[in-house]
Amino acid sequence: MRVVPSVNPLAFPLKREARESNVSGMILRSDIQTADIKAQAPLVDPFGRAISYIRVSVTDRCDFRCVYCMSEDMNFLPKRDLLTLEELDRLCSAFVERGTRKIRITGGEPLVRRDIMTLFRSLSRHLQAGALEEVTVTTNGSQLARFAQELADCGVRRINVSMDTLDPDKFRAITRWGDLSRVMQGLDAAQAAGLSIKINAVALKGFNEAEAPKMIEWAHGRGMDITFIEVMPLGEIDGARIDQYLPLSQLRAQLLDRFTLEDSDYQTGGPARYVRVKETGGRLGFITPLTHNFCEGCNRVRVTCTGTLYMCLGQEDAADLRGPLRASESNEVLFRAMEEAIARKPKGHDFVIDRVTRTPAVGRHMSVTGG
Ligand code: SAM
Ligand code: SF4
């Protein structure tokens, strides 16, 4: 009898066949799932939000030290605490079984994790099977010249590249260690590989607000979207958040002097709200966790490289999935832990940046939870 694979994610697999695939010179033994067994129930939180999107931070390490993200001397996790790439694959696949349709690989800097392409390669089977809609990546671009083509070969179609300025000296200052020309080479390689790019820029008071129109024209001139992000109070950094914080309502008002911003209903499943810039014809996004949070539509959770599940970027509550993952080869224990955690997903975050509130909303840095 011929089994016709279903593309319905909820009808996606329980039966597994082990298969060996040769990835980047490594042999990865991965569980290949077939689509002929009954659905698993999707994960739905107490507010009726179905969890269809996970962001997976594959490392907390990074080759940059952006001033709003990290302090200069960071303590990173011991490597022994990290999930292996095979465990990350199994965890992602468990979420796919429970209704995840999008996976964003992030960090730290995801492309500095050794053999990371193995994970992209193995996740691509879910794209091929139709169980996943997309795998995306958020990167600082430093390693893109090396990996862009391979990412495209693994089925990645869209990437986010973080870049807060077009000025090489300012770029070095804001990232402490970054080289803008390498990131530019990475963008060239990504476009040559056919990846569509969104530039992410954190809006920083007195740093890039005057440059914003130029960055928009540059990005749109290269056929890239660009999104500005409000700085969030995550983790201790050198200096005060209030000195960095630029409300996007203010930036938007400044942009209106130069551009006509037209409403757009474009959505990517993330938190950005988009407008179309009439003069350039390009898309401009705003991520405004402070001035206007969009928690009511939140379909996301985040998993760290140690298998800790954060149900909200801006809350401390978390669940350990590494223990349940390692407890049994079957996913039943893991599924129970995922269900219990999602049942605690809060309604939203309560970020505050002002002169009175001195402590960050959460102690961990963005590089731990992943952007
Ligand atoms: N290293 C990769 C990168 O920079 O794209 C991925 C990880 S980084 C933590 C993900 C995103 O978070 C980046 O766009 C970065 O600018 C943003 N980010 C880091 N710290 C932030 C903060 N405190 N507030 C807002 N965005 C932040
Ligand atoms: Fe690294 Fe990204 Fe954080 Fe910058 S924002 S320090 S590139 S993890």
Side-chain angles (χ1 to χ4, degrees), residues 55-74 76-77 104-113 116 136-144 147 151 158-165 171-180 182-183 186-187 190 197-205 207-208 215 225-248 251 270-272 285-291 293 300 302-305 310 313-314 349 351-353 359-371:
R55 296 194 175 188
V56 184
S57 174
V58 294
T59 175
D60 63 332
R61 291 167 194 253
C62 186
D63 52 345
F64 292 1
R65 292 285 181 280
C66 301
V67 296
Y68 49 80
C69 179
M70 294 191 181
S71 57
E72 190 150 20
D73 51 339
M74 290 285 290
F76 293 111
L77 293 162
R104 175 171 296 281
I105 302 296
T106 177
E109 174 47 42
L111 300 184
V112 301
R113 175 140 183 192
I116 189 62
T136 57
V137 54
T138 302
T139 172
N140 65 22
S142 67
Q143 311 299 315
L144 260 184
F147 290 128
L151 286 170
R158 297 189 304 127
I159 62 172
N160 288 357
V161 180
S162 305
M163 188 189 279
D164 306 316
T165 175
F171 187 80
R172 170 60 62 124
I174 201 75
T175 60
R176 290 196 185 102
W177 297 359
D179 174 357
L180 185 64
R182 274 187 71 180
V183 178
L187 292 178
I197 301 173
K198 184 178 75 147
I199 299 293
N200 275 346
V202 177
L204 297 162
K205 186 159 72 183
F207 177 79
N208 58 6
M215 292 179 71
D225 294 348
I226 180 165
T227 290
F228 287 94
I229 306 172
E230 279 173 344
V231 75
M232 290 175 267
L234 304 175
E236 294 287 355
I237 52 161
D238 310 324
R241 288 281 177 202
I242 188 78
D243 297 331
Q244 301 177 330
Y245 174 49
L246 172 66
L248 285 186
L251 181 69
F286 296 97
I287 300 183
T288 55
L290 277 298
T291 50
N293 90 52
R300 292 175 291 288
R302 294 158 199 270
V303 184
T304 71
C305 54
Y310 284 100
L313 176 63
H349 63 70
F351 289 143
V352 180
I353 295 185
T359 48
V362 295
R364 63 188 186 276
H365 292 90
M366 185 80 162
S367 51
V368 172
T369 335

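Side-chain atoms are counted along with the backbone in the values below, which use heavy atoms only and exclude waters and symmetry mates. Just so you know, ligand 1 is whichever comes first in the structure, and atom 1 is the first atom listed for that ligand.
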Closer than 4.0 Å to some heavy atom of Cys69 - which atoms of ligand 1 meet that? 19 (C), 20 (N)
Ligand 1 versus Val202: contacting region, heavy-atom distance under 4.0 Å: side chain
Within ligand 1, which atoms have a heavy atom of Val231 less than 4.0 Å away? 24 (N), 25 (C)
By number and element, which atoms of ligand 1 are closer than 4.0 Å to a non-hydrogen atom of Thr139? 2 (C), 3 (C), 5 (O)
Can Glu230 be said to touch ligand 1, with heavy atoms closer than 4.0 Å? yes
Taking the side chain as every heavy atom from C-beta outward, state whether Arg176 and Glu72 have any atom pair closer than 4.5 Å. yes
Could you tell me whether some N/O pair between Glu109 and ligand 1 is separated by less than 3.5 angstrom? yes
Do any heavy atoms of Gly108 fall under 4.0 Å from ligand 2? yes
N/O donor-acceptor pair under 3.5 Å between Arg113 side chain and Gly107 backbone: no
Apply side chain to side chain contact (heavy atoms under 4.5 Å, CB included) to the pair Asp63 and Gln143, showing each step before the final yes or no. CA-CA 10 Å; Asp63 52 345; Gln143 311 299 315; 3.2 Å; yes
Look at ligand 1 and say whether Gly108 reaches it with a heavy atom at a distance under 4.0 Å. yes
Could you pull out all residues at least two apart from Tyr68 that satisfy ring-ring contact (aromatic ring centres under 6.0 Å, His included)? none
Suppose we only count N/O/S atoms under 2.8 Å; would Cys66 qualify as near atom 1 (Fe) of ligand 2? no
What part of Asp164, side chain from CB on, backbone N/CA/C/O, both or neither, has a heavy atom under 4.0 Å from ligand 1? neither
Shortest non-hydrogen contact from Met163 toward Ala201: O-CB, 3.3 Å
Expected output: side-chain Arg172 to main-chain Gly178 donor-acceptor under 3.5 Å: yes
Does the N or O separation between Thr138 and ligand 1 drop below 3.5 Å for any pair? no
For a 4.5 angstrom cut-off between non-hydrogen side-chain atoms, does Gln244 reach Val202? no
Is there at least one pair of N or O atoms, one from Met232 and one from ligand 1, spaced under 3.5 Å apart? yes
For a 4.5 angstrom cut-off between non-hydrogen side-chain atoms, does Leu144 reach Leu111? yes
Tell me the contacting part of Thr106 for ligand 1: side chain, backbone, both, or neither, using a 4.0 Å heavy-atom threshold, strictly below. side chain
Going by the atom numbers of ligand 1, which of them fall below 4.0 Å from some non-hydrogen atom of Gly107? 7 (C), 9 (C)
I'd like to know if the side chain of Glu109 reaches the main chain of Asn140, judged simply by a donor and an acceptor atom lying under 3.5 Å from each other, with no hydrogens or angles considered. yes
